Amino acid sequence: MGEAQPSAVHHELRINSYGHYLRRRFGCRVSKVNVDAGFTCPNRDGSKGTGGCIYCNNVSFSPRDTQPIIPLEDQLTAGMSYHRQRLGSEKFIVYFQKYTNTYASADVLADLYRRALAHPDVVGISVGTRPDSLSGEALELLTEIARDRYVCLELGLQSGDDAILERINRGHTVDDFVGAVKRSAARNFDICAHLIHGFPGDRPEEFLKNAELIASLPIDSVKLHQLHAVEGTELAAMYRRGEFVPLTLEGYVATAADFLERLPARVTVQRLYGSAPLAIRVAPQWGLKNNQMWFAVVNELRRRGTWQGYLAG
Ligand code: SF4
C-alpha cells in the first residue's frame, strides 16, 4: 500500500495522465487527431472471423476495397484546426483509430504513416490494431519510424478473460495479446492496452485482474472505457432482448477507481470514458463529457484518499 503519491502521478489528479506525459515529453499541448485511413478489419472479412465484435458499429463499416472519402491530408488539416481553436494545441499525434490500422501491406502502411508524419506540426503517430494483426513487416516499419518520431502502438485487449473474448466474438485470445506485447517490446515506441469494462459476465472483481496483467507486461499506457451499445450492433439487439444490462455510472466509477489503485504509477492513462454520438447511442445513456467522467473518477480517488498505484505491488 502506497504511503505517498509517486512522482509520476499528477499531484491534483492522482492519476498519471497521458496528457501530462505528452506535455512533459514535447513541452507543449499535444492533441491526438483521428483519421480514417480506409482500413477494414480481419474480424469481419473472414480472414479471422465474420460478423465482428458484438459492440462494433457495422452500419458504418467500410468494405475492404473502399477508400476513405476524405483525403488523409484534408482530415488532418480539419482536425488540427479544431484542436488548435478549441484547446490551444500546438503539436499533434495522428491517430489511426478506425478498424485495424496495420491490416494492409507494408508499402500501403508506410505510405499512410509517412504522409501523416509529413506535416511539420505532427510529432508522431498512434496506431490502433488487433493483437493478431501485427505482421513482422508492420512491426519493423513502426520500429524504423520510432527512431526519430513518436510512435504509440495501441493493442486492443478489451478483456483479459478468454471466455468473454469468445462471447463477444473478438476472434483472438489473451495469449495473442500477450504475444503481441512481447513482440512489440523494446522497440523504442510506446505500447498502449485498450480495455472495456461491462461485458456480459464481466464481474468487477474479475475485471480488476486486468491491472495485474498490465503490470506484468511492458505496457506504457492504458485506455479504459465502459461498454456501451450503439445502433447497428449485436450488442444493441442484446440490450433490447434484455441480454445486456449496462453498468451503472456509480458502479463504473467505483471499478475504474479500484482499477487505477491497482495499476502501476508508471503506466499513463489515456482515457477513462467512451462516448458515442447521440443519434446512435443506445445504452447506457449517461450523457457525460470525457472530462466529467475523468473528474468523477478523480473525485472518487480523492474521497478514498488514494491514487493510481496505491495498491499496486
Ligand atoms: S476488431 Fe475492431 S474493427 Fe474489428 S470488429 Fe472488432 S471492434 Fe470492429
Side-chain angles (χ1 to χ4, degrees), residues 32 34-69 75 95-104 108-109 112 125-135 138-139 152-181 183-184 191-202 210 222-239 244 246 270-271 273-277 280-283:
K32 287 171 77 172
N34 290 15
V35 290
D36 178 356
F39 288 101
T40 175
C41 176
N43 196 26
R44 291 189 167 279
D45 68 9
S47 64
K48 299 283 182 188
T50 53
C53 309
I54 62 169
Y55 54 87
C56 185
N57 177 1
N58 55 24
V59 169
S60 59
F61 178 71
S62 315
R64 189 186 176 113
D65 57 355
T66 299
Q67 293 300 313
I69 297 160
Q75 295 182 52
Y95 184 20
F96 292 86
Q97 178 184 31
K98 205 168 181 189
Y99 301 115
T100 303
N101 294 272
T102 54
Y103 190 43
V108 170
L109 297 179
L112 288 165
I125 55 173
S126 188
V127 176
T129 195
R130 292 169 55 86
D132 59 356
S133 299
L134 198 54
S135 68
L139 268 179
C152 179
L153 177 68
E154 185 182 313
L155 293 168
L157 169 60
Q158 319 310 4
S159 171
D161 181 334
D162 278 333
I164 290 177
L165 291 177
E166 192 171 343
R167 212 174 297 143
I168 65 174
N169 198 36
R170 183 71 192 160
H172 68 72
T173 62
V174 177
D175 276 353
D176 289 332
F177 172 81
V178 171
V181 170
R183 288 170 64 224
S184 306
I191 302 172
C192 172
H194 184 197
L195 284 167
I196 300 175
H197 178 45
F199 292 115
D202 186 13
N210 288 309
V222 295
K223 290 173 95 169
L224 167 65
H225 65 84
Q226 84 289 2
L227 181 64
H228 56 174
V230 296
E231 292 293 359
T233 63
E234 173 58 20
L235 189 65
M238 290 171 69
Y239 172 73
F244 163 53
Q270 295 207 26
R271 177 171 159 183
Y273 185 51
S275 58
I280 59 166
R281 195 186 306 154
V282 174

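Every number for a ligand or one of its atoms is a count from 1 in the order of the listing. Side chains are part of it too, since the values below use all heavy atoms of this structure and drop only hydrogens, waters and symmetry mates. Remember, predicted model here, so these are calculated numbers, not experimental data.
The closest side-chain heavy-atom distance from H228 to Y239 is not below 4.5 Å. Side chains of E154 and F96 form no contact here, defined as non-hydrogen atoms less than 4.5 Å apart.
Here is the list of ligand 1 atoms found below 4.0 Å of a heavy atom in G52: 5 (S). Interface of R130 with ligand 1, defined as ligand atoms under 4.0 Å from a residue heavy atom, comprises 1 (S). Listed by atom number, the atoms of ligand 1 under 4.0 Å from Y99 heavy atoms are 3 (S). Atom numbering of ligand 1 starts at 1 in the shown order; those under 4.0 Å from a heavy atom of C41 are 1 (S), 3 (S), 4 (Fe), 5 (S).
Neither side chain, D161 nor S159, offers a donor N or O lying under 3.5 Å from an acceptor on the other. Using modelled atom types, one finds no donor on one side chain facing an acceptor on the other under 3.5 Å when comparing H225 with H197.
Close to ligand 1: R170, with a non-hydrogen atom less than 4.0 angstrom away.
With rounding to the nearest 0.5 angstrom, the OG atom of S275 is 8.0 Å from the CD atom of Q226.
Taking 2.8 Å as the threshold, C53 does not count as a candidate ligand of atom 8 (Fe) of ligand 1, since none of its N, O or S atoms lies below it.
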